[in-house]
Structure formats: structure tokens, C-alpha cells
Asker: 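Right, I'll just put the structure down here and ask away after.
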Number of protein chains: 2
Amino acid sequence: MDSRRPAPPPPSGAPGPLTPLPLAGRTAPERADAARNRRRILDAASRIVARHGVRELTVDLVAGEAGIGVGTIYRRFGDRAGLIFALLDEHEHRFQRDFLAGPPPLGPGAEPVARVRAFLHALADRVTAQFELILAAESSAPGARYRSGPYAVHHTHLVTLLTQARPPGADARFLADALLAPLSALLMDHQRKARGMTAQDVKTGLDDLLRWSLG
Amino acid sequence: MDSRRPAPPPPSGAPGPLTPLPLAGRTAPERADAARNRRRILDAASRIVARHGVRELTVDLVAGEAGIGVGTIYRRFGDRAGLIFALLDEHEHRFQRDFLAGPPPLGPGAEPVARVRAFLHALADRVTAQFELILAAESSAPGARYRSGPYAVHHTHLVTLLTQARPPGADARFLADALLAPLSALLMDHQRKARGMTAQDVKTGLDDLLRWSLG
DNA sequence: CTTGTAATCGGAGTGCGCTCCGGTTAGTGT
DNA sequence: ACACTAACCGGAGCGCACTCCGATTACAAG
């Protein structure tokens, strides 16, 4: 199945494409030059996106702008999708703080079903707000979305809420995937272009779906 | 620079990646050499897949094996994803005949809700049966699945059934997308590898999703 | 300071999807 | 038969993601 190389090192600095959470006890501190280059890469990428748009964000261009080699970028970020996810990291952490420890109904304190609804709405808003970047990230590599740190966190969060909300029997893991699936930027892009649907339509549709299956 | 592009051509023979349905005959019949080359391409592609797997199905290799140029492949099939979808065309047409005109509960005659369930199960079976090819097609280009003919047909079919099954109010177009989303080969691949889920788990999960409102 | 070594760096190289456009061929009017 | 045109063909070439591996450098032990 997975005929991969023996040791394509699990990128020591950033395990997945993106650090999913606070990430307990780091073992190996980053070397000084590595940290400096990471900042250079991220800054260069941001600059290019701001100036020319995501479309022009090629790895070679980022390397040139940052004044380092492309190999370094792949060492730190895995692939182009990982680089783009890293660009979204700051917003993602804010978002995670909000639904993990913020005020209700998004944060703890509200009924689980209400939190699910608030979470899906907030996620829809987030996708809408950073549509270009997220779409580019999902388009960059085939399974990029599912392999990303944020997806794992969102899925885990939903599983927790759904387990609290529902009697056992239904598979919360599947339901979580099914609720997240419509919030793919790739699908939303298609819905917008081919059917003229808006983000509001998606949110309303998700409400219908929730009333349908959980109501 | 007078690079006039009179027709970024809607491929006359097969519009889009794949002919969605019988396709009312309005277009000119295919030229003899074009038809011959199409067969050559499809045969060569099948041969390569059978011999080396989908992974080795590069466009250049198909062109070489078929004894034609790569430009011809792109003219007929649009892109690599279109070529792979064309490989699935025969099975797809059988499937479409089954749910459009076959025996119940998949075909006409059963209650709309029962047909929705039968359709989703049949589609899950289909994805499972041709997993490698479908996964490769969806992975080949970013939005390949949504742009494909089969997806449009499946979506339209579901919208019809859902409209019959439910009073107005809910957006049937969104619901159709939401029900099709979990049957993405990309997602199922992730569920299998990362969570150990099987195709049966997906079918059961879809049933759970349907059960509440449709008893 | 010197040496050892493991992590890091960089950029030429590779593979592959896709485009471009001059040459060729099939089908039609005369 | 013959010219004419629109569709078709092919393969060199391009852009870009990603890999490879020898040179380099940070850091610690002696």
C-alpha cells in the first residue's frame, strides 16, 4: 500500500502540515537558523499573496523572495498545501480558542446541539472570510484538507459534542465527517459558481440538516 | 500577438469531462479518425491500468502506448481526470440506467425516501467496487468530482427525489450535495486509513443520517 | 579552542500535467 | 476531380511541485 521511503523524516519541527494544538512538551528546540528561515519564508509568502494573490504563490517564487532554497521550504512545511495552512495558522488558533474556551454558545456552557450549530456557523464564516487561501490549500494536494491539523481538531471537537448530544448508536465519527464535508472550500466554490449559492445558503442548509438529523 | 482563440473548444465529441447522459444528438457525427483514436486511447489506458495500476497512468505513457500525441488526448478528454472518468463510463451508464429506469427500490416505483436510501447505498457500493480509479480521478484535478458529468446527474437525481419526499422549505440542492459529500473517494480513503472505517460503516452512517426524519 | 556530528541548507535536476501551433486530413460544395 | 475549409493531429516545450545529495553550519563534548 504505502511504499514510502524508509525515513522521510516526520518533519521534526512541524509534525503534520500544521501544528494542531498547543502541543504539549516540545522535545527538540528549533535551531536558530531554522527559526529565522521559517519567519523569512512565511513573511515572503504573505508578501507575495498580498501583492499578487494566491494564484501566484509558487514555491520557487517564495524561495527566491525569502532568499533560501526550495528544499528548505519542503523541509519545514512538507508541501505547498502545508505552507498555505501555515499562513492560516494564526487565525486558526484564534478560532480554536473560541470554540474550546470562549463564551457560549460557541464555547463551553451551552447545550451540545447549540454548540454544534454555532460551531458550523462559525466555521462557515471562517471559510468565507479566507476563501481564497483555504481554497488554494485544499486544491494544492489531493487529500490536503483531511490530512491537515485543523481538520483533525474540528473533527475531534464535533465528535465530542455529538457524543454528548446523542444517545449511543449512531457513529459520531461518521456524523462529524458528514457535517464537515459541506464546508469544503472546493464544494462551496462549485456551489457558488454552478448554482449561484451563497455562504448564507450553506448555513441555512446546515441548519436544515441539523434539524433533520438531530432536531 | 494575434493568437485568436475562437473556440476554447467545448470538445465537440464529448462536452465536459464526460457525457452525462444519452445527449440529444445535435452535434456533428465524430470523424472517422477521431473515433478510431478515441478507441485506441481508451484501450491503451485500460491496458496500462490492468498491467501497472492507476498510479502509472500518465498521459504521456497512454499517448505512447496508443501511438498518438498527447494533444489528441487533451482534445478528447479535457484533462487526465476526464480520461479516467471515461474509463468509468460504461459502468456509470449501467448505474444510471438502474436508478433511472430499473426495478425498485432503486428505480421508479418505490417511495422517494426508500429510493434515496437505495441510491446512496448503490453509490457507496459503486465507489467501493472501483475505488482505485475513482480515487485517482478525484485526486487528479482539484474540483474534478464536482465538474464531472456523473456528479451532475447524481445531484439532479437526488434533488428530484428529495423534492418529492419533503415539503418545500429545505433547500433540496444543498441537501443533495450534503448527502453526496460523504461518498467522496477522497474522504472515504481518509476514513479508512486514519480511522479504520469500512464502506459498511459509511452506509450505516448514511442510514443514521436519513433515519430521523424519514423513519 | 578543537573536533565530532547531526541537523540544516540550497539549487540543479526530475517527472508530469498541460499548452501551443504548424502541418495533415476528412468531408463538402462546384 | 478539385479546391476549400474546418476539424483534427502530434510532439516539442513550458511551468511548477517536489526530490536528491553534497556542502555548510549550529551546538556540544573533550
Side-chain angles (χ1 to χ4, degrees), chain A residues 4-14 17 27-41 44-45 48 52 54-84 136-137 139-142 144, chain B residues 1-14 17 27-38 40-41 44-45 48 52 54-84 136-137 139-142 144:
Chain A
R4 284 218 120 88
R5 352 202 104 273
S12 52
T27 40
E30 196 174 39
R31 235 169 70 171
D33 53 348
R36 171 169 41 85
N37 281 339
R38 168 142 77 193
R39 275 251 60 85
R40 278 191 189 168
I41 293 167
I48 291 171
H52 301 95
V54 201
R55 191 70 188 273
E56 303 282 331
L57 191 76
T58 70
V59 179
D60 280 356
L61 194 60
V62 173
E65 175 94 8
I68 49 100
V70 293
T72 305
I73 294 183
Y74 283 96
R75 167 175 308 279
R76 313 299 313 184
F77 301 101
D79 57 5
R80 198 183 95 110
L83 174 60
I84 301 178
S139 303
S140 191
Chain B
M1 297 284 194
D2 165 34
S3 60
R4 60 178 186 284
R5 191 130 292 287
S12 53
T27 47
E30 196 174 40
R31 237 170 68 169
D33 53 347
R36 170 169 41 85
N37 280 339
R38 167 144 77 194
R40 278 190 190 169
I41 293 168
I48 291 171
H52 301 95
V54 202
R55 190 70 190 270
E56 303 281 332
L57 191 77
T58 70
V59 178
D60 281 355
L61 193 61
V62 173
E65 175 95 8
I68 49 99
V70 293
T72 305
I73 294 183
Y74 283 96
R75 169 175 302 281
R76 314 298 314 184
F77 301 102
D79 57 4
R80 197 182 97 110
L83 174 60
I84 302 179
S139 303
S140 191

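So that the names make sense, note that chain A is the first sequence line, chain B the second, and so on, each numbered from 1. All values derive from a computational prediction rather than experimental measurement.
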Asker: Atom CZ of Arg40(A) to atom P of dT8(C): distance rounded to whole Å?
Answerer: 16 Å
Asker: Is the distance from OP1 or OP2 of dC8(D) to the nearest side-chain N or O of Asn37(B) less than 4.0 Å?
Answerer: no
Asker: If I take atom CD1 in residue Ile41(B) and atom C1' in nucleotide dG10(D), what distance separates them, rounded to the nearest angstrom?
Answerer: 11 Å
Asker: Taking side chain to side chain contact (heavy atoms under 4.5 Å, CB included) as the definition, give me every residue that meets it alongside Arg55(A), ordered by chain and number, with sequence neighbours left out.
Answerer: none
Asker: How many Å lie between CZ on Arg55(A) and P on dC16(D), as a whole number?
Answerer: 9 Å
Asker: Just the rounded figure in Å: distance from C1' of dA6(C) to CZ of Arg75(A).
Answerer: 11 Å
Asker: What pairs with Arg31(A) under salt bridge (charged side-chain N to carboxylate O under 4.0 Å, His left out), at least two apart in sequence or on another chain?
Answerer: Asp33(A)
Asker: Round to the nearest Å and state the distance from Tyr74(A) atom OH to dT8(C) atom P.
Answerer: 19 Å
Asker: In whole angstrom, give the distance that lies between atom CG of Leu61(B) and atom P of dC18(C).
Answerer: 16 Å
Asker: Check Ala144(B) against Ala137(B) and note the closest heavy-atom contact, atom names and distance.
Answerer: CB-O, 3.6 Å
Asker: Between dC9(D), dC9(C), dC18(D), which nucleotide has the shortest distance from any of its atoms to the side chain of Arg76(A)?
Answerer: dC9(C)
Asker: Go through Arg76(B) and Glu30(B) one step at a time and tell me if the salt bridge (charged side-chain N to carboxylate O under 4.0 Å, His left out) criterion holds.
Answerer: CA-CA 11 Å; Arg76(B) 314 298 314 184; Glu30(B) 196 174 40; 2.3 Å; yes
Asker: What is the distance, rounded to the nearest whole Å, between atom CZ of Arg31(B) and atom P of dA26(C)?
Answerer: 6 Å
Asker: Do any of residues 64-73 of chain A sit with a heavy atom less than 4.0 Å from DNA chain C, and if so which?
Answerer: Ile68(A), Gly69(A), Val70(A), Gly71(A), Thr72(A)
Asker: If you compare all heavy atoms of Ile73(A) against all heavy atoms of Ala63(A), which two are closest, and at what distance to 0.1 Å?
Answerer: CD1-N, 3.7 Å
Asker: Looking at dC27(D), dC8(D), dC9(C), which one has an atom nearest to any side-chain atom of Ala32(A)?
Answerer: dC27(D)
Asker: Work out which heavy atom in Ala44(A) is nearest to a heavy atom in Glu65(A); give both atom names and the distance.
Answerer: CB-CG, 3.5 Å
Asker: Return the nearest nucleotide to the side chain of Thr58(B); candidates are dG17(C), dA17(D), dC9(D).
Answerer: dG17(C)
Asker: Tell me the interatomic distance from Arg38(B), atom CZ, to dC9(D), atom P, rounded to whole angstroms.
Answerer: 11 Å
Asker: Whether the side chain of Arg75(B) engages the backbone of Val70(B) through a donor-acceptor N/O pair (distance < 3.5 Å, no angle test) should be reported.
Answerer: no
Asker: Could you work out which one of dC18(D), dC9(C), dT25(C) sits closest to the side chain of Ala34(A)?
Answerer: dC9(C)
Asker: Arg80(B) side chain N/O closer than 4.0 Å to the phosphate oxygens (OP1, OP2) of dG17(C)?
Answerer: yes
